Every structure is written in structure tokens, then in C-alpha cells.
Protein chains: 2
Amino acid sequence: MASAEHDLIARYFQPLASDAGALGLIDDAAVLAASGDDLVVTVDAVVEGVHFLATDPPETLARKALRVNLSDLAAKGATPAGFVLTLALRQAGDDWLAPFARALGEDAATFNCPLLGGDTVSTPGPLTVSITAFGRVAPGTIVRRDRAQEGDRVVVSGSIGDAALGLDVLKGGKAAAALGDDASGRDYLAGRYRVPQPRLALAKALRDHAHAAMDVSDGLIGDLAKLCAASGVSARIEAAAVPLSPVAARLLANGVAGIGTLVSGGDDYEVLATVPENRWAAFEAAAREAGVAVTTIGRITAGGAPPVLVDSRGQAMVLQRLSYSHF
Amino acid sequence: MASAEHDLIARYFQPLASDAGALGLIDDAAVLAASGDDLVVTVDAVVEGVHFLATDPPETLARKALRVNLSDLAAKGATPAGFVLTLALRQAGDDWLAPFARALGEDAATFNCPLLGGDTVSTPGPLTVSITAFGRVAPGTIVRRDRAQEGDRVVVSGSIGDAALGLDVLKGGKAAAALGDDASGRDYLAGRYRVPQPRLALAKALRDHAHAAMDVSDGLIGDLAKLCAASGVSARIEAAAVPLSPVAARLLANGVAGIGTLVSGGDDYEVLATVPENRWAAFEAAAREAGVAVTTIGRITAGGAPPVLVDSRGQAMVLQRLSYSHF
């Protein structure tokens, strides 16, 4: 059968489909074998010019497209089981596909999340990568976002705001100018935008100790607002407690970036969780053992109002926007 | 939380997410509850201008986007379990979204395949609907495409070539001109292009009796070539045996359409299966009971050559192309 689409799949994606459930990518479907687990399903698409830059290398795009989904699985307490890929391409050049597939395969191996299947279509529009990823949890143990309770600690992993600054750096904005010849600072921030770090090592600690969790993709405060709305609660967050990387802290101190940008900028792909006080010590210990930094940034409060971000004097801060919205 | 994206999901898609596993669409993930079954996963994307016309109504687009996936599940012998949706939109107008979501919800109910989750993104490019659908089969009973054996009957459901003619009708091509004021003929063909009929009623018969199966999406002969290549066999197909609708048969007889167009045109979404001779009577009886027409069009033969289409004198016919390829 001579078909360019078939050749493309054979050349670039069959080597990634080592899992038996992929049926060698020669079938129209894949199999997730019966197990005693619930299957967690998440889907995230990334669109050129919206979620990534046309100048982003194929390697980082591949990693980001998979990792934004792995980030969701981590926040739900799930262990990766595999993924399917829809690739909408304008053209199918080796120079783009080869590094894309290689990086995707590396990440699939790193995170033990094999390619199971997919669909490759041509489009006259922007390059779009849509991934549906699967994870497993013991029945009934998915960590939901609608279970936060008054008094819970509000906790985030890693650091917040780096990706928003990284996007600014890549666009040659104020952060780029302020960093001048600090190439390592610029590279760090750009890397945080281009290649998220899914916090899969935190999944078990979340399952064991968190009331609620989600990943931060559209901005910390906006995503917290969604978690609060789903749970019927509010939250009080201390701006000074939000964990920042050294370079982000420096740009904040210099006045290059405002705290509002950092807490609403999106693309963090950190875990946002609420942990009851009596599980905090155990959660923190488990996170430390997993090698993931976690920081308490505030508390869940009663009522249905949007979360409040307060400054060091306890005054509510006004944000121009809570998070990124597509429409 | 005021977000247009959030409002859009709440207004149009939450009403469809009645399944408990959808978590009300307020979470980043959905759950497919543990069961004793294997989970069959299929993914198909449809792109404006490639898989559907910009003039196609939102209702038929919604149905096609879901049904092309249900067609895959049917061919694999699976029972639908749910789907997730990625919608890449230029804008999000009520006049488009309301009928799209209503039709999608109707089909989800009709085929017992609930919406479980999704992602809605903005794009400057063509409207794209990508669906990942899930089905269940008893462990190890998925109907694969790489199990055809020499001597098997080659069988298709329904009729072939209508959709290719329907596309021609919608584009105002030769078929439209030839049909003149035969509005019902034009409507029938256009409907076959726009709204496939997934043969889910045939799933059990395939599981019970077929050696191999796949759905016909890219053209009968090209898809058969893929099945043969995967199985390490060839096939001999009698052109005169390929089931045609009355209107397609008329257009063929009139010389408006060639048999080559009909067997390579794509978008049929019929089931192509291979059934051993000793299971044929039982398969045919089960198909009749399921209310799905099935027709033997040829035999699986030995060897690795591409399938051969023969005319009424047994002469091999030469096709210009076997199937649609995106690249």
C-alpha cells in the first residue's frame, strides 16, 4: 500500500508504539487491557500561535503537548497508562517530523506513557497537536477538584509565574530586556514555558492526603477560582507566600513583572491542591520523598466568593484578570 | 469565575455530560470506571475543508465527528462507552454552538456514548473537531485487522460509493448535474456524505464470526489493501459484487461515475470484514437479525500483492488511486 500518510506513520510513530495495546498502530483502534483500576482520561490540545510559538522547536512542542496532559494525570493522582495523538499538519516534512517523533518517544519512555494510536490529518491552518492521555487509579480514588473544604491549606508545587515570564522572554518583551545578557536566566524561563515538568511523583501523595487538586494551566488564581467554585468554597491567598524562582523573584523585585502577571499568567503546569491541616505533615513528608517542592500559599475559606489575594498588610489586591481565556 | 470559555462549556456541553464519569465537566479529567472489559480507544479528527465542507450545517458536522469514531468501534466489535471532544474554533457563536451541541447530544444518547470531557481552544485556522471514543469488549475479543486468512469471504455492510457521490453533489459536480431535479437522490447522497451510519448493530456478529475487520473511511479498495497488508494476504474483489445504492447504480450505469470512483472515494463508514466460509451462514443470520445488510464482494487470497478488482470477465481493473491520502 503506497500512501504518504501510511509511510509517515510507519516511519515516525510505529517505533514509539511498542506497547501491545497499540496493535502496532496498524489498526484503527488501541486497547487498554482490563484491569482493576479506574481509567482517568484527559484531553488537551495545543495550537500554534495560541499555546506555542511558531518558532518553538519541534522537540519542545512534542514534549509540551504530552506533558500538559501528564500534568493533568498527576493532579488527579493517576499513573500514566498511555496516550493517543491527533496531529493536524500543513505539511509533513522529515525535518520537522523526525525531531518531533524522537522527542515524543523519549518523553513517552521517560514517563512510562506509551503511544497507543492516533490520527494524522492535513490542515491549511495552524499546526495543532491534540493528545488524549490515560491514567490508572484504584477505583474511586481519583483526586477531584470539587472536594476542597474550609480550613484546608492551599498548596502549590514548584514555582509560579516562570512560564509567563518565559513567554515574554521568547517574544522579546520587558523580561528579555531586563535580563540583558543573563542567558541562563532567559533560558530557564523560556524552558519553563516550553517544557513543563509534570509532577507525577506527587500523584500518590495527592491520592493519600489531598482533598482536592487540579493542575495550574491557565493561571494560579483563575484556576483556584475554578476549584473553589466547584467545591463551593472560597480562599485567601498570601501573595508573599507564592513560591517564585530566583529569577522570577528578581524580576518582581525590579518591578519588571507585577505579582498579578505571575499569578494569572498561565502555563505553569504545577499542581494546585488543598490539604487538610491534619494531613499536612504527612503530605509534606511524602512530597519531600518524591522530590517535589510544595508550598502553602493560603487557606480555603467559607462562602462562594472568588479567592482573594492579599498583600503583606492583609489588604486584598485587585487583579486585572484571573486567568487566560480562549474566547 | 467569569470566563467565556467556562460559560461556553457550561451552557452547551454540561447538559450532555450526564454520565457520572464526566464529573460534570468541571474537572480536568473524566473517569471510565473499572470493569472486566478491555477498553477500545479510537481517535478521529475532522477538519473543515478537508473532511467536511464549510457549508455543512453544524448539526451534520457534530453527527459526523462522533459517528466516524463510532464506526471504528463497531468494526472492532466494541460497545460504546463514551467520548472526549477537542473543539478548535475560530469564534464561539451561539448560532453555531447551540445546534452543534444539540445534535451531538442527540447522537450521544442515540448511540449510548456519553460525552465525558473535552478541551475547547481558539484557532485562527479551520474548524476542527477531534474526538477520542471509548468502547468495551470482553478481554481479548477486539476484532483486529491483521487476522484475515486465505479463503475468507470479504464482506462489506450497506452500500459503497454513496458518500463520494454525495460530496460531488454538494460541490455541484457531475453527479449533481446528472441527477437534475431528482432532489431525493441528491439528498440521499449528500446525507450519506454528511451523516454516516455507524454499524454498531453488527459489532456482536463481528466478534462472534469475523477473522478481521475495519471500517471503510478512505475508500474500499485502499482500506482493504491496508487490511491485507496487515494480515499478510491478498484479495480478489468482483467489481460487480460491490453493493451499490439504487441511485449510485444508476449513475454508474449512466457513465456519470466510474466504478473506480466508487471503490476509492472514501467516507463510506461501512464495515469491511473477512469471514471464514464455515462462519458465513451464522454471520449472515446475525447481520440479518441486527438489521444490517452484508454482501460478499470477494475472497482473501494468498500472497502479499495488493488486492485485485476484477470485472465481469475476470480481468483485473486498473484504478487510478486506491484511497484518499492526506499527504
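In what follows, chains carry the letters A, B, and so on, assigned in the order in which the sequence lines appear, proteins first and then strands, with residues in each chain numbered from 1. None of these values were measured; they are calculated from a predicted model.
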Side chain to side chain contact (heavy atoms under 4.5 Å, CB included), paired with B:L87, selected from B:D119, B:L97, B:I131, B:V121: B:L97
Any A:L224 side-chain heavy atom under 4.5 Å of A:I237 side chain: yes
For chain A, the option from B:G125, B:A30, B:G49 that forms the most heavy-atom pairs under 4.5 Å: B:A30
B:L127 vs B:F52 side-chain heavy atoms within contact, under 4.5 Å: yes
Pick from A:G135, A:S130, A:P139 with the largest number of heavy-atom pairs that fall under 4.5 Å of chain B: A:S130
Max heavy-atom pair count under 4.5 Å with chain B, selected residue of A:K76, A:E48, A:R145, A:M214: A:R145
Among the listed options B:D27, B:V43, B:D72, the residue most often paired with chain A at heavy-atom distances under 4.5 Å: B:D27
Contacting moiety of A:N69, where chain B heavy atoms sit under 4.5 Å: neither
Structural part of B:I142 lying under 4.5 Å from a heavy atom of chain A: side chain
Side chain proximity check, A:R199 to A:Y269, heavy atoms < 4.5 angstrom: no
Segment of A:A33 engaging chain B (4.5 angstrom heavy-atom cut-off): both
Contact check, side chains of A:P80 and A:F134, non-hydrogen atoms, under 4.5 Å: no
Any side-chain heavy-atom pair of B:W96 and B:L61 under 4.5 Å: yes
Interface moiety of B:A88 toward chain A, non-hydrogen atoms closer than 4.5 Å: neither
Donor + acceptor pair across side chains of A:R136, A:S35 (<3.5 Å): yes
Under 4.5 Å from any heavy atom of chain B - which part of A:V40: both
Between A:V41, A:V137, A:T42, the one whose heavy-atom pairs under 4.5 Å with chain B are most numerous: A:V41
Which atom of A:C228 lies closest to which atom of A:P307, heavy atoms considered: SG-CG, 4.3 Å
Winner by heavy-atom pair count (cut-off under 4.5 Å) against chain B, out of A:G36, A:A75, A:G117, A:P124: A:P124
Qualifying residue for side chain to side chain contact (heavy atoms under 4.5 Å, CB included) with B:S217, from B:V68, B:D223, B:D268: B:D223
Segment of A:V31 engaging chain B (4.5 angstrom heavy-atom cut-off): both
Among the listed options B:G118, B:P126, B:A133, the residue most often paired with chain A at heavy-atom distances under 4.5 Å: B:P126
